[in-house]
Amino acid sequence: MKIFLRALCRLLLGAVLVLPAAAFSAENVISPLPGVWGNVQPLVLNVPDGSELYYSLTGSDPLLSGFAYDGPVIIEQKGDVRVKIAAVSKDGRRSDVTVSYTVRDVPLAGASPDAIAFVRTISENPLRRYVSGTLFSIPPEFSFSLYDDAGRFVPGTALSLSEKNTWERYVPLTVRSAAGTGSWHFVMHVVAADAEALRRRSVPFAIQNWTTLVLGSRKYSYQLDDGDWMDGETELTLERFSEHTLRWKVSGSPESASVFSYRLPPMPQLRCTGSGDGCAVFSLQPAVRDYSSVPFLLARPVGSQSLDGVAEGQFRQLVADTFAGDELEGVMRAGVYYDGVYQGTLEAPFSLDRRPPAPPVIMSSTRNAFLHSQVSVSISAEQHADIYVAVSEPLEFEIESEERNRASFDAVQTGQFVLYDGKDLLFSSVSDHATFYKIHAYAVDAAGNRSYETEYRVVVDELNFYLRPSASASSEIPDGSYNRPFTSFAQAVEAINASSDMRLHVSGNIPVGGAYTIRSSCTILGSHNTLLFAEGEGLRIEGSQVEIRNCVLDKASSRADDTKLLTVSGSTLTLRNCDVKGQFRQNGMLVEASSSKLYLDNAAFAVQAPSYACAVSVRNTDCSVSQGGVSAAARTAVVFCVSGGKFSLRNSTLAVTCRTGRCLELVRAEASLSDNSFAARPLYAGAAGKPSVLPVWKDADTVVREERGNTTDGF
């Protein structure tokens with residue numbers, strides 16, 4: 001209790017006198033900070049001049065059962081910790097601050113040896129001594145911020161200050177793992193790399209803040225300039241714009257006794273000038289040029305309790321530096337010595353800005369990284385900051401696995417940075433391929449600090465869409481992109497009709513799920529994938545150009561259903577490397593086209609029905625068939641029924657299985673037939689007689705322009 005009597009007296013005096021609010025506040029607490037930390041915490045307090053500080057770790061009143069704070073200490077407690085701090089100013093005012101935090105061990109499974117060693121180091125000693133000019137490395141597995149600035153966490157790096165730095169201070173750092181598993185807080189005590197020991201001259205007087213001269217002993221007689229001799233233990237007020245000379249000798253000594261003297265120089269000015277490496281350099285500028293060969297020396301002001309200030313020792317000039325990523329603004333308050341005698345303090349404001357601006361914000365017309373239309377991108381940064389941007393060349397690619405695409409994207413370089421002019425950047429797909437772009441941007445503030453780079457990636461594919469019914473469920477709405485494919489044919493048809501042209505890549509077996517109409521041009525691409533048309537389901541193509549490649553179109557009916565699998569009106573339909581087949585309960589037709597163009601390339605058709613079957617029926621349509629294999633099976637069967645228009649059949653096989661039917665039926669048509677095979681497998685019905693089957697039937701109005709190399713079998 002005895003150590004607190006003086007503080008309690010001051011506190012009681014402050015309770016009697018009505019005094020203004022005390023100066024000590026939470027801002028004076030450098031450490032600990034509220035939060036959950038993976039290491040024990042140091043207690044580092046910035047003590048207002050003349051104040052006395054006390055603290056407790058038990059929740060009790062620090063003035064009654066606490067400890068006197070006389071410098072940074074480490075609080076070895078773990079778990080939930082509550083630090084109560086009481087400050088008593090020199091005029092008796094009391095201030096209280098409480099800081100609560102938690103210390104909890106953080107597992108480091110899978111961390112690198114450097115990361116483990118780093119955490120062990122700051123855990124064993126969270127009050128790190130840093131010597132200016134050395135490196136302090138934070139592994140890249142962590143991000144960090146100075147002063148726990150939540151908005152400015154940056155990747156781990158090597159921190160350093162100029163070896164000329166003479167600004168001593170305590171810098172708090174917060175470090176967190178990239179995986180977000182834990183945070184650590186510690187304090188670096190920055191000290192000067194080298195300093196001369198402070199040398200003081202023993203004299204029988206003192207100077208207080210330049211203008212007060214204290215003659216401190218009756219043992220001596222004193223003379224100021226050419227004035228009368230006077231006894232000691234007195235104070236004189238001086239002007240310090242010119243030189244003064246103080247002499248002294250032992251009182252009562254004869255005139256021949258030794259007389260000592262000291263020259264009091266005019267008060268200089270403390271000036272701050274920048275240096276090439278960005279430090280703030282402070283020098284004294286004498287009031288009179290070439291005043292003396294005796295130099296002024298700079299040191300910490302006498303009696304200063306501030307944690308931030310001139311390092312211990314004496315210096316010809318002072319240098320303030322700060323870590324990259326920090327912004328330091330304050331007043332350099334230096335004590336000035338001349339010829340070993342303290343003269344007083346001088347001050348000069350300074351500002352160091354090594355804090356990079358926030359990285360630019362890249363804003364896109366889409367929140368997705370995959371877009372089916374042109375992308376518009378704008379970039380913004382802090383006010384008065386310049387933005388530099390680099391854009392990669394467009395990378396055309398075929399979408400493969402996500403891992404392989406990511407590896408390709410990672411390897412893309414963005415090229416040279418240029419000053420951003422503020423206009424939107426526009427990105428479109430190239431040709432008919434998906435196109436990848438990478439954008440990097442950084443900001444530069446007025447102090448020349450460069451921000452970390454911001455990256456934006458986008459795939460623009462205005463043509464290609466994807467349909468995968470087996471895609472896993474996602475909270476995101478399918479948009480037809482590779483990573484968010486359509487999961488139903490209905491979604492795909494809606495997108496087709498909303499676009500002017502698109503390519504739909506299909507995977508797996510796809511239930512069509514209804515009767516749909518396509519009114520916009522598209523290409524449907526598969527890899528022998530099947531579109532399953534159930535009873536009553538079909539696809540109508542109107543006023544558009546549609547191409548289907550490498551797909552199987554399969555229709556099965558269990559009851560009377562004459563719905564065509566494909567109905568084409570006023571359109572162009574191309575089937576390439578496709579299998580089209582259908583089984584009908586009564587009558588059936590696979591394709592019906594009118595006033596259209598039909599191109600069948602290496603396509604196979606097979607239709608089967610008990611009563612009537614037709615593979616392809618066209619009216620007033622130009623139809624071209626090459627390398628096809630088409631069959632129809634029913635009591636009455638026709639492979640191709642052509643009425644009007646032009647019809648070309650090359651290198652194809654047509655087969656019918658029927659009692660009555662034709663491989664090719666031509667009415668008022670213009671035809672060209674070459675290198676084809678026509679086959680019949682007649683159906684006999686006992687007494688019903690011999691079937692009537694023909695390879696080609698044409699009316700009198702049909703014109704066959706070319707007919708060569710064709711063969712028949714079974715007719």
Is any side-chain heavy atom of [Y] closer than 4.5 Å to one of [X]?
| X | Y | answer |
| --- | --- | --- |
| Leu298 | Val310 | no |
| Val190 | Leu161 | yes |
| Trp37 | Leu33 | yes |
| Val191 | Ser132 | no |
| Val99 | Pro34 | yes |
| Val460 | Gln374 | no |
| Phe465 | Pro485 | no |
| Asn46 | Ser306 | yes |

Under the salt bridge (Lys or Arg N to Asp or Glu O under 4.0 Å) test, residues paired with [X] that sit two or more places apart:
| X | result |
| --- | --- |
| Glu462 | none |
| Asp445 | none |
| Arg300 | Glu168, Glu312 |
| Asp479 | Arg484 |

* **More than 12 heavy atoms of other groups within 6.0 Å of Glu347 CD** => yes
* Step through the shown structure and confirm whether more than 12 heavy atoms of other residues, nucleotides or ligands are within 6.0 Å of CD on Glu396. => yes
* Asked: Who passes side chain to side chain contact (heavy atoms under 4.5 Å, CB included) against Ala348, sequence neighbours left out?
  -> Leu270, Phe282
* Structure fact -> Across all chains, not counting sequence neighbours, the side chain to side chain contact (heavy atoms under 4.5 Å, CB included) partners of Asp410 are Arg406, Arg457
* Asked: Are Phe427 and Val391 close enough, and set up right, to give a side chain to side chain contact (heavy atoms under 4.5 Å, CB included), and what steps lead you there?
  -> CA-CA 10 Å; Phe427 301 96; Val391 180; 3.5 Å; yes
Quick one: pull up [atom1] in [X] and [atom2] in [Y] and give me the separation to the nearest 0.5 Å.
| X | Y | atom1 | atom2 | answer |
| --- | --- | --- | --- | --- |
| Phe144 | Ile138 | CZ | CD1 | 4.5 Å |
| Leu395 | Tyr437 | CG | OH | 10.0 Å |
| Ile362 | Tyr456 | CD1 | OH | 8.5 Å |
| His185 | Ser145 | NE2 | OG | 9.5 Å |
| Asn550 | Asn529 | CG | CG | 9.0 Å |
| Thr134 | Leu159 | OG1 | CG | 10.0 Å |

Just grab all the salt bridge (Lys or Arg N to Asp or Glu O under 4.0 Å) pairs involving [range], residues at least two apart or on different chains.
| range | answer |
| --- | --- |
| residues 490-507 | Asp432-Arg503 |
| residues 98-109 | Lys78-Asp105 |
| residues 111-138 | none |

* Quick one: which of Val103, Val40, Val83 gives a side chain to side chain contact (heavy atoms under 4.5 Å, CB included) with Ile75? -> Val83
* To do: Could you walk me through whether Ser507 and Tyr466 pass side chain to side chain contact (heavy atoms under 4.5 Å, CB included), step by step?
  => CA-CA 8 Å; Ser507 299; Tyr466 297 85; over 6 Å; no
* Asked: Under 3.5 Å, side chain of Thr322 to main-chain N/O of Asp326, donor-acceptor pair present?
  -> no
* Within the distance-only criterion (no hydrogens, no angle test), does the side chain of Ser544 pair as donor or acceptor with the backbone N or O of Ser521 below 3.5 angstrom? -> no
* **side-chain hydrogen bond (donor to acceptor under 3.5 Å, both in side chains) between His505 and Asn464, worked out** => CA-CA 7 Å; His505 302 260; Asn464 296 283; 2.7 Å; yes
* Go through the structure and list residues passing side-chain hydrogen bond (donor to acceptor under 3.5 Å, both in side chains) with Ser123, not counting sequence neighbours. => none
* Residues in side-chain hydrogen bond (donor to acceptor under 3.5 Å, both in side chains) with Arg450, at least two apart? -> Glu453
Restricting to non-hydrogen atoms, name the atom on [X] and the atom on [Y] that form the minimum distance, rounded to 0.1 Å.
| X | Y | answer |
| --- | --- | --- |
| Val131 | Ala193 | CG1-CA, 3.7 Å |
| Ser31 | Leu45 | O-CD2, 4.3 Å |
| Ala195 | Gly313 | CB-CA, 4.2 Å |
| Val29 | Ile85 | CG2-CD1, 4.0 Å |
| Gln41 | Pro126 | C-CG, 4.3 Å |
| Ser380 | Ile387 | C-CD1, 3.7 Å |

* Phe186 and Met188: side chain to side chain contact (heavy atoms under 4.5 Å, CB included), yes or no, with the steps? -> CA-CA 7 Å; Phe186 62 102; Met188 288 207 301; 3.9 Å; yes
* Asked: Aromatic ring centroids of Phe409 and Phe397 under 6.0 Å?
  -> yes
* To do: Scan Arg169, Lys164, Arg354 and name whichever one has a salt bridge (charged side-chain N to carboxylate O under 4.0 Å, His left out) with Asp321.
  => Arg354
* Asked: What residue among Tyr420, Tyr442, Phe417 forms ring pair (Phe, Tyr, Trp, His ring centres under 6.0 Å) with Tyr388?
  -> Tyr442
* To do: For ring-ring contact (aromatic ring centres under 6.0 Å, His included), just list the numbers for Phe142 and Trp184, CA-CA rounded to whole Å, side-chain angles, deciding distance to a tenth of an Å, and then say yes or no.
  => CA-CA 10 Å; Phe142 301 96; Trp184 295 262; 5.6 Å; yes
* Between Asp461 and Ser429, is any side-chain donor less than 3.5 angstrom from a side-chain acceptor? -> no
* Would Asp353 and Asn449 count as having a side-chain donor-acceptor pair, cut-off 3.5 Å? -> yes
* **Pairs satisfying ring pair (Phe, Tyr, Trp, His ring centres under 6.0 Å), at least one member in residues 161-182, at least two apart** => Trp167-Phe350, Tyr170-His189
* Tyr482 six-ring centre to Arg468 NZ/CZ under 6.0 Å and within 45° of normal -> yes
* Hey, mind stepping through Leu525 and Leu504 against side chain to side chain contact (heavy atoms under 4.5 Å, CB included) and telling me if it holds? -> CA-CA 6 Å; Leu525 303 170; Leu504 178 66; over 6 Å; no
